[in-house]
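First comes the structure, then the notes that go with it.
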Protein chains: 2
Amino acid sequence: MATMADVARLAGVSVSTVSYALSGTRPISLSTRRRIEQAMTDLGYTPNAFARGLKSKRSRIIALLFPARPETSQRSALEYVLGASDQARRRGYHLMLWTHDVEAVDDLAQFAGQGLVDGALLMEVQPHDPRIQVLVDAGVPFAMIGHNADPEGLDFIDSDFGQIAGLAVHHLVGMGHRRMAFVGGPETGGPDGGRPEIREEETGAPETIGAVSGWVGTDGAADGSRVENAIQRAATSTGSEFVSVPAERSADGGREAFTRLMAKAPETTVIIVFNEHAVPGIMRAAKDLGRRIPEDLSMMSIDMPGHVAELTTPPLTTVGASAVEIGRGAVDLLLRRLDGDMAPARQLLFRGELNLRGSCAPVLNADHTPGETLT
Amino acid sequence: MATMADVARLAGVSVSTVSYALSGTRPISLSTRRRIEQAMTDLGYTPNAFARGLKSKRSRIIALLFPARPETSQRSALEYVLGASDQARRRGYHLMLWTHDVEAVDDLAQFAGQGLVDGALLMEVQPHDPRIQVLVDAGVPFAMIGHNADPEGLDFIDSDFGQIAGLAVHHLVGMGHRRMAFVGGPETGGPDGGRPEIREEETGAPETIGAVSGWVGTDGAADGSRVENAIQRAATSTGSEFVSVPAERSADGGREAFTRLMAKAPETTVIIVFNEHAVPGIMRAAKDLGRRIPEDLSMMSIDMPGHVAELTTPPLTTVGASAVEIGRGAVDLLLRRLDGDMAPARQLLFRGELNLRGSCAPVLNADHTPGETLT
DNA sequence: CTGAAAGCGCTTACAG
DNA sequence: CTGAAAGCGCTTACAG
């Protein structure tokens with residue numbers, strides 16, 4: 001590989017001149033610039049990333065911290081990753097994928113201390129995420145996809161679950177639904193499922209950028225519980241009944257949850273699911289009980305990629321924000337910090353959209369009295 | 001951040017001694033080693049990756065070259081990525097995700113010239129993949145996931161489509177199927193679909209490692225066509241009829257393909273699909289025609305992740321090799337090169353497995369004569 | 001068993 | 001508008 005010294009020699013200038021020509025940080029005469037450019041093409045010169053990083057303290061590499069076990073990946077995860085990767089490239093950065101155990105904090109500290117990355121993006125942020133303190137201690141700037149319990153002063157981008165819940169519930173109410181159920185992950189399930197108390201602190205100033213809406217507060221809960229709370233609030237505000245049933249992340253988990261749901265609230269007219277892996281089990285259990293979707297029971301899925309939602313029969317109506325766009329937005333948020341912006345933390349909520357497919361239908365007998373059986 | 005000089009000062013030794021203590025490349029007295037270790041913990045020292053990379057010419061970073069558009073990602077792609085990322089970590093390497101346009105070869109040349117990565121992994125390798133020459137020219141070692149038309153001398157790992165096709169066809173024949181159809185991507189479709197001629201060159205020595213079987217030759221075709229050819233060979237060797245219909249990668253593409261298939265070979269008893277996005281369209285079109293799956297028509301999907309196959313009704317029987325394992329294997333293949341192994345190229349085929357779900361059933365009227373209608 | 005020193009390939013004050 | 005030189009934080013012959 002040609003070095004900068006090679007280029008300088010061939011162009012008949014000093015190394016520093018080549019460097020300045022490359023960075024454009026000081027004026028170079030046209031003829032000199034031409035000779036340098038010619039020499040660079042002739043030699044096929046590419047600056048050495050390590051020498052550059054050693055001197056300038058900037059690597060132009062950002063890390064994507066992805067707490068995944070290869071076997072149990074969420075399906076929209078790829079979209080976050082590709083969105084972030086694509087945007088990083090557009091903005092001249094490399095993206096390092098760092099899959100890890102959320103609890104393996106020592107490894108992270110070491111990684112952060114290497115100075116390899118200029119900043120980090122955190123996926124699947126937990127309410128009390130141990131990674132945050134590690135990054136703060138290491139002085140590595142970061143932005144979160146999702147957020148922790150107390151995100152004050154921290155940059156993040158998240159789905160606007162309040163808006164998304166409103167969108168979902170409004171659509172369903174318009175179809176006559178008044179008895180709604182929510183199936184989330186094992187961490188959900190309301191009081192008997194260990195949901196943390198709702199704290200409605202109105203912190204920070206709302207902001208709206210593009211498809212992004214303002215941040216107004218946190219309830220300190222994990223994703224699933226936040227979605228659950230948002231749906232519950234939206235549902236009860238319309239006078240609808242609401243029940244929540246947790247489910248393991250598997251088809252069997254879905255079956256089981258459906259059984260519990262039928263025991264608890266047999267009159268349910270719509271199930272809103274935030275647990276991709278439980279979907280097949282729920283749909284099969286419903287079928288086994290003779291509940292046709294959507295005629296007898298509507299179903300809606302939150303944050304499910306469109307091509308996945310197409311696979312079920314009927315295809316699932318979904319609601320959610322674009323994972324690709326959130327991935328992109330996270331990169332922009334981080335690079336704003338890396339570019340030295342000292343402004344206060346920016347907390348962005350990304351608006352979702354409703355994608356109508358075939359799994360929601362009007363309630364036929366909207367005002368049937370409790371006690372009747374729908375089947 | 002503490003530097004090696006800080007550690008040396010605190011431990012009362014020279015910088016070189018600290019360096020040797022860290023690398024273990026020369027004997028250090030126990031007491032010295034102790035003092036150095038103490039100093040490192042006290043200072044929270046982590047070696048600077050850039051200084052190290054500049055001097056040693058090794059970054060311990062490998063790139064995963066992923067020619068993806070964020071919007072149209074294959075579902076098993078995440079599994080390759082996570083498998084590779086996980087294995088890289090285990091082996092002490094970082095994984096840089098490089099999503100790019102397959103044709104944007106200039107960008108790749110620049111990337112490769114930076115000396116940032118020690119090697120690269122290529123996903124979605126094309127028959128005449130322009131990336132290969134770029135990497136060879138840049139002197140960047142690489143391993144392929146999949147392979148090009150002429151992989152002689154190149155390391156790769158791929159699904160053993162011959163074995164996979166045999167597994168699939170054998171299972172189907174055992175159920176009485178004798179009229180098989182294949183639906184692949186737009187690049188498939190046999191002679192009228194532009195399939196390259198089959199060249200059966202027996203190159204290289206077969207090898208078997210773990211779940212990996214030996215490589216015996218290439219037909220110089222893209223993935224889809226190779227799968228198609230493998231299925232065709234397996235089918236005709238059992239005396240079965242075989243037709244192939246290409247499909248666009250979308251639900252509509254699937255519908256359309258199904259219509260063409262019914263015009264071409266209405267007696268078909270099983271469809272083998274290698275085109276995830278076409279699946280919903282095929283299934284709905286079949287249903288519209290009154291063809292029940294699996295009673296009237298069996299279906300099998302190649303290389304579809306299990307949790308995805310669970311979503312359809314009935315869940316899909318699948319056949320294929322583990323994408324996670326192939327991702328891991330690719331890393332091992334590359335690191336073997338990076339560790340200076342000068343042995344000849346290693347070409348590995350990964351065996352697939354059959355996952356029975358509910359979409360394949362015995363043919364009821366196995367010996368019906370042409371002219372009868374199954375519906 | 002340990003140290004002094006060169007040098008990896010850049011960037012960036014300093015000087016003109 | 002351009003150059004000579006220091007230095008980023010390591011690794012690794014060279015010397016003892």
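Here is the naming used below: chain letters follow the sequence lines, and residue numbers restart at 1 for every chain.
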Relative to the 5' end of DNA chain D, which residue comes earlier, B/S16 or B/F50, by the nucleotide with the nearest heavy atom?
B/F50

Atom-to-atom span, CZ of A/R9 to P of D/dA4 - whole angstrom
13 Å

Return no unless some side-chain N or O of B/S56 is found under 4.0 Å from OP1 or OP2 of D/dT11.
no

Kindly give the atom pairs (protein nitrogen or oxygen, nucleotide nitrogen or oxygen) under 3.5 Å for nucleotides 14-16 of chain D.
none

Which residues pass the side-chain hydrogen bond (donor to acceptor under 3.5 Å, both in side chains) test with B/S19, not counting sequence neighbours?
none

Summary of ring pair (Phe, Tyr, Trp, His ring centres under 6.0 Å) pairs that have at least one residue in residues 23-59 of chain B, sequence neighbours excluded:
A/F50-B/F50

The answer to which of B/V13 and A/Y45 contacts DNA chain C further toward the 5' end, by nearest nucleotide, is B/V13

What closest approach, in Å, do B/L338 and B/P141 show between heavy atoms, and which atom pair accounts for it?
CD2-CG, 3.7 Å

Counting just side-chain N and O atoms, does B/T17 come under 4.0 Å of either OP1 or OP2 of C/dG3?
yes

Passing candidate, side-chain hydrogen bond (donor to acceptor under 3.5 Å, both in side chains) with B/D155, options B/R337, B/Q347, B/R346:
B/R337

Pairs where residues 7-28 of chain A contributes a residue and the test salt bridge (charged side-chain N to carboxylate O under 4.0 Å, His left out) is met, not counting sequence neighbours:
A/D6-A/R9

Nearest heavy-atom approach of B/A330 to B/I145 is CB-CG1, 3.6 Å

Would one find a side-chain N or O of A/S19 under 4.0 angstrom from OP1 or OP2 of C/dT11?
yes

State whether A/K55 places a side-chain N or O below 4.0 Å from either non-bridging phosphate oxygen (OP1 or OP2) of C/dC8.
no

Hey, which sits more toward the 5' end of DNA chain D by its nearest nucleotide, B/L54 or B/T25?
B/L54

Any Lys/Arg nitrogen of B/D86 or B/R90 sitting under 4.0 Å from an Asp/Glu carboxylate oxygen of the other?
yes

Residues of residues 27-44 of chain B with a heavy atom under 4.0 Å from any atom of DNA chain C, listed by number, are B/P27, B/I28, B/S29, B/T32

Does a sphere of radius 6.0 Å around CZ in A/R58 hold more than 12 heavy atoms from other residues, nucleotides or ligands, not counting ones at 6.0 Å or beyond?
yes

All stems that DNA chain D takes part in, i.e. 3 or more consecutive Watson-Crick or G-U pairs with distances under 3.5 Å, are C:1-3 with D:14-16, C:5-12 with D:5-12, C:14-16 with D:1-3

